[in-house]
Chemist: 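Sharing a structure here in structure tokens format.
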Amino acid sequence: MLDIIFRRKPVYVRAMDNVSIEVGKGKILGIVGESGSGKTTLGKIVSTIETPTDGKFYFNEEEITRKTIHNARKHISMVFQNPYTSVNPRMKIKQIVSEPLGHFDMEKTKSVISMVGMDYDEIANKEPKELSGGQIQRIAIARSLIKAPDVLVLDEPTSALDESIQAQILDLLLDIQKQSDLTYLFITHNMGVAKYVADDIAVIYAGKLVEYGPVKKVMETPKHPYTQLLIASVPDFEKKELQSPIGDVPSLINIPKGCRFSDRCPRVMDICRQREPEFRDVDGVKVLCWLYG
Amino acid sequence: MLEIKNLKVSYKTVNGKTTVLNNFELNMDRGDSIAIVGESGSGKSTLGGAIARLLPPSGEESGEIILNDQNLLSLTEEQMTKIRGTEVFMIFQNPLNSLNPVKTVGFQLSEAAQIKAQRNGTSVAPEEINKIVVDALKSVRLPDPDQIVKRYPHELSGGQVQRVVIAMALILRPKLLIADEPTTALDVTIQAQVINLLKALNKEYGMGIIFITHDLSLAYVISKKIIVMYAGTIMELNESSDLIKHPDHPYTIGLLKSVPTDYKTNTRLFYIKGSPPSFFNLPKGCRYSPRCDKAFGKCHEFEPSLIDVSNGHKVRCWLFE
Ligand SMILES: Nc1ncnc2c1ncn2[C@@H]1O[C@H](COP(=O)(O)OP(=O)(O)OP(=O)(O)O)[C@@H](O)[C@H]1O
Ligand code: SF4
Ligand SMILES: [Mg+2]
């Protein structure tokens, strides 16, 4: 789906279609889109859990192959959406946290548990069922930090949590990111969360990046009709009415010809149904849409 | 239209009986839409299940639930079956609970269309039933309705099952719809379509809606009124816009402040310290007092009642006595 390139500094995620996404070290890229858009797949490719079906993946300017994947894994880890299913329910907390190391290291385990604001002595020997959803998500974060990664891929890390717990976890993640100068790929369907955490936003639709730019520009003056409708369909306290594009996200096996959004786009033109648009730079934002030539 | 008096709901558990709702009161006018919000475990689903009389077997309820002059709690199960669907219909948080696993989607929706016609005292031809079913599936934006009707619930994704159940609600068009987190499994653009559909039903046919969600902005968008629940009690009740713009209860204020709405700065998001109490061990006095930043003397001694602060605005907090 995507060509992805990581470099020490800055880190790159490059999508197909000749657009390169540059995530400077210590920055947060928010990836938004609906389910089936390929957000999670992108996250898994970046965390080397999956290999791309087409396109290439680079890390430190080195193509990731079976031989080099080991190297990338040392620097990238992932946090999943559901705190309860992402940890082994029969393991003790200290084992869960140290597992990625392949052996138990008390020093390191203690240090990451304190980074997520918990007390090692109190929870080390507990099992996940003795913790709340928010506490388990902290443990999952601690676990992702144990190998001191440079890049953290966070796939909907707060969407299973109540809002007041979400607020704590978001600020915790921002603190850790600042302290250790980490780079985040933050996948979310929640526009409010994306707006709060991200420096840059990438909007994906049906497996393709459609808009990419600084968070303020994308949120305040979205260019792509899909981004515009996505923002208009998300409930917030500013509007009492929701708008949404008609129809459903296409399945990746049944993608419309031309622009992938053409069958749902309110501003569709003839050319949109015939040829795929290319990325254009509009006011510092990259947009994949024929409206911009 | 709906009047709940003195409702008590308990569950039997291995550790004994827990009472989740006690002395619960609620009034709802015809054509009203009320959203129920609150943290996980606050009793939102319990309230919904109690009204529809669809609590799990371990649940027990007593009191009065008067829906259109009929006390639902005095009806036999047989009488209840006769009104379920068209008087009151519940969309469960887990959508599979709303469907029969061994019948096809088409069969269940056709059955709903027949029930609706029967109870209206009309008859419908089979072709017409098919059209009603397909139209309902189209309004919830399910692609290929002709294929979907042949499937069994387990052959659909969570989001699809939820939309089938919403289609069933569209066909039955109940007087009171209880929707428990009906859009959580849906994508935001589909969620927006479903929300707009429910709002249209409320407006055009006066269908009463009780919408359960933990998403405050969704509650604001869909409903005329919002009820904030905490540990089984109503903490605040007001018109949606007023509740969001001028929250009074410390808990409502805390919940609203914890929703991220802006870009990050050097300040932090607000969050409510601690966690909700267990029903086995409710704090003395106000249930929110251990977490409340405004708590004072009597908050720790006596539980406040739901105080009328102005027309239609109620707050359970000693600050408003
Ligand atoms: N079948 C059951 N047996 C025993 N206790 C139950 C049962 N269902 C719910 N409870 C308890 O009743 C309380 C209220 O639960 P309820 O499911 O109504 O909350 P909720 O507000 O719907 O939460 P959520 O947002 O997680 O759906 C909780 O303490 C819960 O543990
Ligand atoms: S009654 Fe007291 S403890 Fe309860 S919410 Fe009001 S101020 Fe806080
Ligand atoms: Mg519930």
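Chain A is the first sequence line, chain B the second, and so forth, proteins listed ahead of strands; every chain is numbered from 1.
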Chemist: Once you round to the nearest 0.5 Å, how far does OG1 of B:Thr261 lie from CZ of A:Phe237?
Modeler: 8.0 Å
Chemist: Mind listing the closest non-hydrogen atom pair of B:His214 and A:Glu163 along with its distance?
Modeler: O-OE1, 3.3 Å
Chemist: Indicate yes or no: at least one non-hydrogen side-chain atom of B:Lys264 is less than 4.5 angstrom from one of A:Asp199.
Modeler: yes
Chemist: Measuring heavy-atom distances to chain B, does A:Lys239 have an atom under 4.5 Å in its side chain, in its backbone, in both, or in neither?
Modeler: backbone
Chemist: Distance from B:Ser217 atom OG to A:Asn190 atom CG, nearest 0.5 Å?
Modeler: 7.5 Å
Chemist: Under 4.5 Å, counting heavy-atom pairs only, tell me which of B:Lys273, B:Lys138, B:Lys199 racks up the most with chain A.
Modeler: B:Lys199
Chemist: Go through the atoms of A:Gln166 and report whether side chain, backbone, both or neither lie under 4.5 Å from a heavy atom of chain B.
Modeler: side chain
Chemist: Of all of B:Asp215, B:Leu255, B:Ile222, B:Leu218, which one pairs up most often with chain A through heavy atoms under 4.5 Å apart?
Modeler: B:Leu218
Chemist: Kindly compute the distance separating NZ (A:Lys240) from OH (B:Tyr220), expressed to the nearest 0.5 Å.
Modeler: 6.0 Å
Chemist: If contact means a heavy atom pair closer than 4.5 Å, which residues of residues 239-250 of chain B contact chain A?
Modeler: B:Ser240, B:Ile244, B:Lys245
Chemist: Between A:Arg264 and B:Thr189, is any pair of side-chain heavy atoms under 4.5 Å apart?
Modeler: yes
Chemist: Give a yes or no on this: more than 12 heavy atoms of other residues, nucleotides or ligands lie within 6.0 Å of atom CZ of B:Phe92.
Modeler: yes
Chemist: For A:Leu174, is it the side chain, the backbone, both, or neither that has a heavy atom closer than 4.5 Å to a heavy atom of chain B?
Modeler: side chain
Chemist: Would you say that more than 12 heavy atoms from the other residues, nucleotides or ligands in this model lie under 6.0 Å from the CD of A:Glu220, or not?
Modeler: yes
Chemist: Any side-chain heavy atom of A:Asp175 within less than 4.5 Å of one from B:Arg268?
Modeler: yes
Chemist: Looking only at heavy atoms, which two atoms of A:Ser164 and B:Tyr271 are closest? And how far apart?
Modeler: O-CB, 3.3 Å
Chemist: For chain B, find which of A:Leu229, A:Leu230, A:Val197 contributes the most heavy-atom pairs closer than 4.5 angstrom.
Modeler: A:Val197
Chemist: If you measure from CG on B:Asn196 to CD on A:Gln243, what distance do you get to the nearest 0.5 Å?
Modeler: 9.0 Å
Chemist: Does any backbone or side-chain atom of B:Ser42 lie under 4.5 Å from a heavy atom of chain A? Answer side chain, backbone, both or neither.
Modeler: neither
Chemist: Which answer fits A:Ile231, side chain, backbone, both or neither, if we ask what part of it has an atom under 4.5 Å from a heavy atom of chain B?
Modeler: neither
Chemist: Which atoms of A:Ala232 come close to chain B, meaning under 4.5 Å heavy atom to heavy atom: side chain ones, backbone ones, both, or neither?
Modeler: neither
Chemist: Can you measure from CG (A:Asp162) to CD1 (B:Ile272) and round to the nearest 0.5 angstrom?
Modeler: 9.5 Å
Chemist: Drop me the distance from A:Ile165's CD1 to B:Ser258's OG, to the nearest 0.5 angstrom.
Modeler: 9.5 Å
Chemist: Where do B:Thr267 and A:Tyr196 come nearest, in terms of heavy atoms and distance?
Modeler: O-OH, 4.0 Å
